[in-house]
**Student:** 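Let me begin by handing over the structure; questions about it come next.
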Amino acid sequence: MSGNILDDFCLPQITAIMENYSSLSSLKLSRCNLTKTLFNSTDKVKFSKILQNSKLQHLDVSFNNLTSGLEAVLSSLPAGLLSLNLTGCSLETASSDLVVSSLLSHCCRKSCELENLNVSSLSLSDVNLEKLCSGLKNYHGLSSLSLGHNNITSSGLDFLMETVLTESLPITRLKIEMDFSKDFWRDEQSVEGTSHKLREILETDGTNLSQFIVPCPKEGLATYFTKVWNAHHGSESKHNKDGLGNLVLCID
């Protein structure tokens, strides 16, 4: 199921669709102008129960200003969920803690199967990311993680990469795009240190990192990353800059 422009009174209809189509595997409600008001009705309880017991594998609620309404969604995620897109679901910094705490509760389930997580544009900080990392070890199948356009820096990225290493997460795509105004790197030493962690990840058995996107360092320091990428992927190695000046490392 996918949605276009809905409104904050459509929760009974969404719930009915999930209830009547029990085999529904994908629910896309991106850019539907939904807000936290969607969950102010008495239908919230039924929605949460139906969602939690559903067979959904793919859920996309991106670019709706749900703010505190995210709790109704995140506290009821089905155990078999494979992909979750929360991009731009809150314009309030205060919601960052809610997002992280709810994801931590979900990933502590023994049957958690999440493979693809997009938490871009949610005002997440380095502190938020470190808290989230404490539960990533339970995401045994996590292969794609998008953290772009948040308030994190290279320090948060280093903590995340260390978690990938210590927990042997099977990450294949790690994306942390920023815009031109972000002061992501502290100095040359921080760039060099992160490139060393990238090399360690690439050399770790069971990790097949094929895409890595980070803010491009200044003054030609991107070579720290491109040399590591080229050395590991050889003739398959590709690297370029996107429209916002981020360094994109990938393979053919």
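Residue numbers count from 1 along this sequence.
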**Student:** With side chains defined as the heavy atoms from C-beta onward, is the minimum distance between M161 and L198 less than 4.5 Å?
**Tutor:**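 Side-chain contact under 4.5 Å: yes.
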**Student:** Under the criterion side-chain contact (heavy atoms from CB on, under 4.5 Å), I'd like the reasoning laid out for C216 against N246: C-alpha separation, chi angles, the key distance, then a yes or no.
**Tutor:** CA-CA 5 Å; C216 191; N246 295 289; 5.9 Å; no
**Student:** Identify the two heavy atoms, one from P12 and one from D43, that lie closest to each other, and give their separation to 0.1 Å.
**Tutor:**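 Scanning both residues completely, I find the closest heavy atoms to be CG-OD2, 3.3 Å.
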**Student:** So I251 and Q211, do their side chains get closer than 4.5 Å, heavy atoms only?
**Tutor:**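 A side-chain contact is absent here, since even the closest heavy-atom pair is not under 4.5 Å.
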**Student:** Answer yes or no: is there a side-chain heavy-atom contact under 4.5 Å between L86 and L74?
**Tutor:** yes
**Student:** Say you draw a straight line from CD1 of I171 to CG of L209; how long is it, rounded to the nearest 0.5 Å?
**Tutor:** 8.0 Å
**Student:** Is the shortest side-chain heavy-atom distance between V99 and L70 below 4.5 Å?
**Tutor:**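 Yes, side chains in contact.
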**Student:** Just by modelled atom types, is the L244 backbone N or O under 3.5 Å from a matching donor or acceptor in the D242 side chain?
**Tutor:**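 Such a contact is found between D242 side chain and L244 backbone.
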**Student:** Let me confirm one number: the OG-CD distance from S146 to E177, rounded to the nearest 0.5 Å.
**Tutor:**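 It comes to 6.5 Å.
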**Student:** Below 4.5 Å, heavy atoms only, C-beta onward: do H232 and R199 meet side chain to side chain?
**Tutor:**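 Result no, sub-4.5 Å side-chain heavy-atom pair not found.
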**Student:** Can you check whether C250's main-chain N or O pairs, donor with acceptor, with W229's side chain at less than 3.5 Å?
**Tutor:** yes
**Student:** Which heavy atom in S154 sits nearest to a heavy atom in R186, and how many Å separate them?
**Tutor:** OG-NH1, 3.5 Å
**Student:** Taking the side chain as C-beta and beyond, is there a heavy-atom pair between Y139 and H106 under 4.5 Å?
**Tutor:** yes
**Student:** With heavy-atom distances below 4.5 Å as the criterion, would you say the side chains of V61 and K28 are in contact?
**Tutor:** no
**Student:** Do E130 and L160 have side chains that approach each other closer than 4.5 Å (heavy atoms only, starting at C-beta)?
**Tutor:** no
**Student:** Mind running side-chain contact (heavy atoms from CB on, under 4.5 Å) on L157 and I176 for me, showing each step along the way?
**Tutor:** CA-CA 8 Å; L157 173 58; I176 310 185; 3.2 Å; yes
**Student:** Check A72 against F47 and note the closest heavy-atom contact, atom names and distance.
**Tutor:** O-CE2, 4.2 Å
**Student:** Is it true that L27 and F63 fall in one hydrophobic cluster, defined by side-chain heavy atoms closer than 4.5 Å?
**Tutor:** no
**Student:** Is a donor on one side and an acceptor on the other found under 3.5 Å between the side chain of S210 and the backbone of T172?
**Tutor:**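 Flag set: sc S210 to bb T172 pair under 3.5 Å.
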**Student:** How many angstroms lie between NZ in K55 and CE in M18, if you round to the nearest 0.5 Å?
**Tutor:** 14.5 Å
**Student:** Please name the pair of heavy atoms, one in P78 and one in L56, separated by the smallest distance, quoted to 0.1 Å.
**Tutor:**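 Closest heavy-atom pair between P78 and L56: CG-O, 3.8 Å.
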**Student:** Once you round to the nearest 0.5 Å, how far does SG of C89 lie from CG of L66?
**Tutor:** 4.5 Å
**Student:** Using modelled atom types and a 3.5 Å cut-off, is there a donor and acceptor pairing between side-chain atoms of S96 and backbone atoms of L122?
**Tutor:**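 Yes, because the side chain of S96 sits within donor-acceptor range (under 3.5 Å) of the backbone of L122.
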**Student:** Under 3.5 Å, is there a donor-acceptor pair between the side chain of N85 and the main chain of S62?
**Tutor:** no
**Student:** Given the side-chain rings of W185 and Y224, with only the six-membered ring counted for Trp, is the space between their centroids under 6.0 Å?
**Tutor:**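 No.
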**Student:** For side-chain contact (heavy atoms from CB on, under 4.5 Å), just list the numbers for Q57 and S83, CA-CA rounded to whole Å, side-chain angles, deciding distance to a tenth of an Å, and then say yes or no.
**Tutor:** CA-CA 6 Å; Q57 295 181 324; S83 68; over 6 Å; no
**Student:** Once rounded to the nearest 0.5 Å, what's the spacing between atom CD1 of I213 and atom CG of L249?
**Tutor:**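 I213 CD1 to L249 CG: 8.5 Å, rounded to 0.5 Å.
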**Student:** For the residue pair L51 and V73, what are the closest heavy atoms and their distance?
**Tutor:**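 So the two residues come closest at CD2-O, 3.8 Å.
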**Student:** Quick one: do K197 and E162 satisfy side-chain contact (heavy atoms from CB on, under 4.5 Å)? Show the steps, please.
**Tutor:** CA-CA 7 Å; K197 289 188 181 297; E162 186 62 32; 2.8 Å; yes
**Student:** Where is the tightest heavy-atom contact between T87 and N118, given as atom of each residue plus distance?
**Tutor:** OG1-OD1, 2.8 Å
**Student:** Quick one: does any side-chain atom of D158 pair with a main-chain N or O of S155 as donor and acceptor, under 3.5 Å?
**Tutor:** no
**Student:** Around E219, counting heavy atoms of other residues, nucleotides and ligands shown, do more than 12 lie under 6.0 Å from its CD?
**Tutor:** no
**Student:** Treating Ile, Leu, Val, Met, Phe, Trp and Tyr as nodes and any side-chain heavy-atom pair under 4.5 angstrom as an edge, say whether F225 and L221 lie in one connected cluster.
**Tutor:**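 F225 and L221: one cluster.
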**Student:** Roughly how far apart are T93 OG1 and L124 CG, rounded to 0.5 Å?
**Tutor:**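 CG of L124 is found 10.0 Å from OG1 of T93.
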**Student:** Quick one: does S22's side chain have a donor or acceptor within less than 3.5 Å of a partner on E19's backbone?
**Tutor:**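 Here the side-chain-to-backbone pair does not exist.
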